[in-house]
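First comes the structure, then the notes that go with it.
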Protein chains: 2
Amino acid sequence: MQETAVLDAAEDLFYERGIQAVGMDQIRSTSGVSLKRLYQLFPSKEALVVAYLKRRDERWRADLRAYVDGKDDKVGAVFEWLHQWFSEPGFRGCAFINSFGELSATSPKITAVARHHKDEVRAYLRGLLRDDSTADQVLLLVEGAIVVASIQNDPAAAWRAKAAAEVLVSG
Amino acid sequence: MQETAVLDAAEDLFYERGIQAVGMDQIRSTSGVSLKRLYQLFPSKEALVVAYLKRRDERWRADLRAYVDGKDDKVGAVFEWLHQWFSEPGFRGCAFINSFGELSATSPKITAVARHHKDEVRAYLRGLLRDDSTADQVLLLVEGAIVVASIQNDPAAAWRAKAAAEVLVSG
DNA sequence: TAGCGTAGAGAACGCCCGTTCTCTGCGCCA
DNA sequence: TGGCGCAGAGAACGGGCGTTCTCTACGCTA
């Protein structure tokens, strides 16, 4: 489907290079969808960015859930999954943190999507832990691990976060 | 001094709106320094961004040190200081995380400055704690608190991080 | 006072952006 | 087969970007 091709191209390019660094022409040539059709599917670049982020949010959380579901140590599994993610070749941090830093001053819609993603992650952790304040602390470790892993290019941040989470959960 | 005026304008505008959203003309009109002189002081926009980030890095860490120095509970004081920062009117997250998300794919120099800032923060925490692996865990809480406070617009993230840090340090 | 060098203001340059429009050509129905 | 409509390719548009250049006017030296 054309919409999927456009979103695939958008995700590859926006995540890899940043949103403002990618023009609509590059989305066109990568997706193979004409500019006219592209604007029929998404009436503006902002709408395309929002669609890209929404799809990524849902897939990201579904992947995390799928990995954690079978495991006994749910919290530990979250950080194992993060470590896997950090180790992927194209890893460049959290798309939502990056978009927020780039565009929160310009676009309330993009700000809202980023906020929603973090809300959902927090809710997921609360469901995993049954103690809200511990879950909120674990969320801080998750976000911190993502930031440190990307900026320092150091996937092992996930293991340090895992060790810290174990202390918080057991304590 | 003109250089200071330019850096002040750059910091205000880049931090508030993002780097790519601010043009050199706006730096000129805000600082009152002519474009020609501006390019004598900083030979390119990238050089100006690097200078802005370097000055901010040093001032940020000096402010943190100044606040923490007198306190008994050094680690607690770090999070108190963060809470103060999060509560400032123009708070929009960490300039280095934001710049990294926006430009790490484009500019190795900016990437290096962001990485250096985080290295220095880590080193500072290690000096405070004398136990490197605990310090690295506290770093995750610091970064996580910054991210959550900015995206959720919730300065209280600092208090949750403080409580978690107390558990990690005492444990 | 005459002449020179410097610095400032802002126009100009080439390029790329997001978005729209035009023009071409192909597929469908009578 | 002839006429119609849709869709694709890409040119066009207005504007903004980073950077450079021109031109003016002022201040110092003799």
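Note on naming: letters A, B, ... go to the chains in the order of the sequence lines (proteins, then strands), and numbering restarts at 1 for each one. Note that this is a predicted model, so its numbers are computed, not measured.
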Discussion item. The criterion is side chain to side chain donor-acceptor pair (under 3.5 Å); which residues satisfy it with A/Asp8, sequence neighbours excluded?
Written reply: A/Arg55
Fill in: Residue list, side chain to side chain donor-acceptor pair (under 3.5 Å) with A/Gln152, at least two apart or on another chain
B/Asp119
Discussion item. Without decimals, in angstroms, what is the distance between B/Leu38 CG and C/dA9 P?
Written reply: 12 Å
Worksheet item: Can B/Asp69 and B/Lys74 be counted as an ion pair, charged N to O under 4.0 angstrom?
Response: no
Fill in: Near-strand residues of residues 99-107 of chain B, defined as heavy-atom separation under 4.0 angstrom from DNA chain C
none
What's touching nucleotides 20-25 of chain D from the protein side, N or O pairs under 3.5 Å?
none

Practice prompt. Not counting sequence neighbours, which residues clear side chain to side chain donor-acceptor pair (under 3.5 Å) with B/Thr134? List them please.
Written response: B/Asp131
Show me the donor-acceptor pairs, under 3.5 Å and distance only, between side chains in residues 16-27 of chain A and residues at least two apart or in other chains.
unit_1, atom_1, unit_2, atom_2, d
A/Arg17, NH1, A/Gln26, OE1, 2.8

Item to complete: Identify, residue by residue, the members of residues 9-29 of chain B with a heavy atom below 4.0 Å from DNA chain D, and return them in order of residue number, or none.
Response: B/Val22, B/Gly23, B/Met24, B/Gln26
Practice prompt. Return the set of residues passing salt bridge (charged side-chain N to carboxylate O under 4.0 Å, His left out) with A/Asp63 (not counting sequence neighbours), or none when no residue passes.
Written response: none
Practice prompt. Name all residues meeting the ring-ring contact (aromatic ring centres under 6.0 Å, His included) criterion together with B/Phe42; count only those two or more places apart in sequence or in a different chain, and write none if there are none.
Written response: none
Discussion item. Show every side chain to side chain donor-acceptor pair (under 3.5 Å) that has at least one partner inside residues 89-110 of chain A, sequence neighbours left out.
Written reply: A/Glu46-A/Ser107, A/Arg92-B/Ser104, A/Ser104-B/Arg92
Worksheet item: Which pairs with one or both residues in residues 115-150 of chain A pass ring pair (Phe, Tyr, Trp, His ring centres under 6.0 Å), sequence neighbours excluded?
Response: A/Trp60-A/His117, A/Phe96-A/His117
Worksheet item: What is the distance from CD of B/Gln40 to P of C/dA9, rounded to the nearest Å?
Response: 13 Å
Worksheet item: For B/Tyr52, which residues count as a ring-ring contact (aromatic ring centres under 6.0 Å, His included) partner, sequence neighbours excluded?
Response: B/Phe14
